[in-house]
Colleague: 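Pasting a structure here, questions to come.
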Number of protein chains: 2
Amino acid sequence: MRENLPNTTLPLSTALISVDIVALRLSNGRLQVLTTPARHPKAQHDRALPAGRIDPDKDEQLEHTACRQLKLLTLAEPSWLEQVETIGNSMRDSRGWSLTVVYFALLRNEPALDSPDAQWLDVGTCCKLQLPDLAYDHQSLLQSAIERLCNKIQYTTLPLYLLPDTFTLSDIKEVFQGTLGKAPPMRSIRNRFADETVVTDTGEKRYGSNRPATLYRLKGDNRHRLFNRLYESTQ
Amino acid sequence: MRENLPNTTLPLSTALISVDIVALRLSNGRLQVLTTPARHPKAQHDRALPAGRIDPDKDEQLEHTACRQLKLLTLAEPSWLEQVETIGNSMRDSRGWSLTVVYFALLRNEPALDSPDAQWLDVGTCCKLQLPDLAYDHQSLLQSAIERLCNKIQYTTLPLYLLPDTFTLSDIKEVFQGTLGKAPPMRSIRNRFADETVVTDTGEKRYGSNRPATLYRLKGDNRHRLFNRLYESTQ
DNA sequence: CGAATAGTGTCTATAAGACAATATGCC
DNA sequence: GGCATATTGTCTTATAGACACTATTCG
């Protein structure tokens, strides 16, 4: 509550707060998560998710905290950032109540400077998860985030946020393959994504030893078009 | 992060933490939200969402905090409880960084004892929101929760959680009408919900001055069946 | 030309929605 | 029987997916 009472009238909540980030990218068709060294000596595993605390001097919003942590590890800008869940309980930290707000970020796989601390680890596909061992409860946070991704990929334009600035329709198919472990046929990809409201034709082609592929770009502002819900025509 | 370091090595985050609940029910076809008096004298409006702080002695999990707050206002058990989002920033509370975890609860509209502080206010439908004025930033939290509800109602079994223990298919249609402001035809409701994996036929009927309607019950464990995504047959 | 991948045409499957027809209780 | 609502049958529409066919580039 935010009743603006003087500090003395209400006990402050004393939980430790952190912001954890599950940053995912697709590298050579493999889904990968960004990790950082686990700094606590007693940690069971030596890699962990990027995490940090709110810095009241730097952060105005929770999202800023997430972005700031991310920026410490990679200069790549996330193409998508979304809150996944907040975990809070008295068990996960021996000091008492601890609370973490988990964000999930998608990065386009384009060259960007990573910190030496950063390490990208494969996570397998949704069909066949092969999660790396992570310190603390980070493996389960990672799993929640991947589940969210795999759900939303099926009915949103999220696949496009894992691709570079320009991409072909086949690239989209590879996103499905790399994340879900399976992909709809090209016909379906076309029906869904080759749509003026979703992408724009750049007019350019990608050449190989075959018929050139049309390069598309994600349509500016469209955040989150949904497919396959109740029909609009419903009275 | 939860590195179990001694308190002195890392600054603790000092944000105020609260848990706010958007509890919704359907009363005579109207969607309503549970409110409590806004206790702060400077609040712009005199009703607010139920909210409270983590009590380390009573709560092991964030969800417990939410349930505990709810129980202070009504003895009805929520049929559904889900975290919506966590809002954190430095603006919403004049004392500094403040953070709130927002839950949304669905209640079956059955007789239950409410506290005298409790008041149920109409919120309109998703098509035509008529949100009550609430103190603090609670109106915007309410709006987010209703948006979540209106989305999920369209592709999950959530409508069933706003209904009493037994219900007819027409009742389900009324849930759509009361929440979305529009409803699919009975044929679609039937196709979707009259399914052995979703509900069970109680064998009983509801009688009126017309053909009696079959009474169904929500099938036990099924949490959250999804409709209308990628087809299972996808290779 | 042939290999390889891009893109199209067309049919089927699934599920939503429109609408008409039928069923069954109460009065 | 007549009213009112429940339930079913059937057709249409929207979209996913299967699959075969055509197109275009490079070597």
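Below, all heavy atoms of this structure are taken into account, side chains as well, without hydrogens, waters or symmetry copies.
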Colleague: It should be established whether A:S188 places a side-chain nitrogen or oxygen under 4.0 Å from OP1 or OP2 of nucleotide D:dG17.
Modeller: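 So the side chain of A:S188 is within the cut-off, an N or O lying under 4.0 Å from OP1 or OP2 of D:dG17.
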Colleague: For the pair made of NZ in B:K182 and P in C:dA16, what is the distance, rounded to whole Å?
Modeller: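 Spelled out: NZ on B:K182 to P on C:dA16 is 15 Å.
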Colleague: Please report the distance, rounded to the nearest Å, between CD1 in A:I189 and P in C:dA6.
Modeller: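 Rounded to whole Å, this separation is 12 Å.
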Colleague: Would you call A:E82-A:R148 a salt bridge at under 4.0 Å N-O?
Modeller: yes
Colleague: In whole angstrom, what separates B:R211's CZ from C:dC27's C1'?
Modeller: 18 Å
Colleague: Tell whether A:R187 reaches the base of C:dG7 with its side chain through a donor-acceptor pair below 3.5 angstrom.
Modeller: no
Colleague: How long is the line joining CZ of A:R206 and C1' of D:dT24, in whole Å?
Modeller: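 Rounded to whole Å, this separation is 16 Å.
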Colleague: Heavy-atom nearest nucleotide on DNA chain C for A:R190 versus A:N210: which residue maps closer to 5'?
Modeller: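 Closest to the 5' end, via its nearest nucleotide, is A:N210.
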Colleague: Answer yes or no: is there a side-chain heavy-atom contact under 4.5 Å between B:F176 and B:P159?
Modeller: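 When only atoms from C-beta onward are counted, B:P159 and B:F176 do touch, with a gap below 4.5 Å.
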Colleague: Do B:S144 and B:E85 get their side chains close enough for a donor-acceptor pair, meaning under 3.5 Å?
Modeller: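 Note: B:S144 and B:E85 side chains meet the donor-acceptor criterion.
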Colleague: Of A:N191 and A:P212, whose closest DNA chain D nucleotide lies nearer the 5' terminus?
Modeller: A:N191
Colleague: Using side-chain heavy atoms (C-beta onward) and a distance below 4.5 Å, is A:T86 in contact with A:V102?
Modeller: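 With C-beta onward as the side chain, the pair stays apart.
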Colleague: Which comes earlier along DNA chain D counting from the 5' end, the contact point of B:M186 or that of A:Y207, where each point is its nearest nucleotide?
Modeller: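 Taking each residue's closest nucleotide, the earlier one in sequence belongs to B:M186.
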Colleague: Are B:S170 and D:dA6 close enough that a side-chain N or O sits under 4.0 Å from OP1 or OP2?
Modeller: yes
Colleague: Using whole Å, report how far NZ of B:K173 lies from P of D:dT5.
Modeller: 12 Å
Colleague: Would you mind reading off the distance between B:D201 atom CG and D:dA6 atom P, rounded to a whole angstrom?
Modeller: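 These atoms are roughly 15 Å apart.
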Colleague: Between C1' on D:dC26 and NZ on A:K205, what's the gap in Å once rounded to a whole number?
Modeller: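 It works out to 16 Å between those atoms.
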Colleague: With a cut-off of less than 4.0 Å, is there a side-chain N or O of B:S209 near OP1 or OP2 of C:dC26?
Modeller: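 So the side chain of B:S209 is outside the cut-off, no N or O lying under 4.0 Å from OP1 or OP2 of C:dC26.
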Colleague: Identify whether any heavy atom of A:T168 sits under 4.0 Å from a base atom; if not, whether one sits that close to sugar-phosphate; answer base, sugar-phosphate or nothing.
Modeller: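 Answer is nothing: A:T168 stays at 4.0 Å or more from every strand.
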Colleague: Find the distance A:L215:CG to D:dT25:P and express it as a whole number of Å.
Modeller: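 Going from A:L215 (CG) to D:dT25 (P), I get 14 Å.
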Colleague: Using a strict threshold of under 4.0 Å (side-chain N to carboxylate O), is an ion pair present between A:D59 and A:R68?
Modeller: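 A salt bridge links A:R68 with A:D59.
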Colleague: Within the structure, does a side-chain N or O atom of B:T214 lie under 4.0 Å from either OP1 or OP2 of D:dA6?
Modeller: no
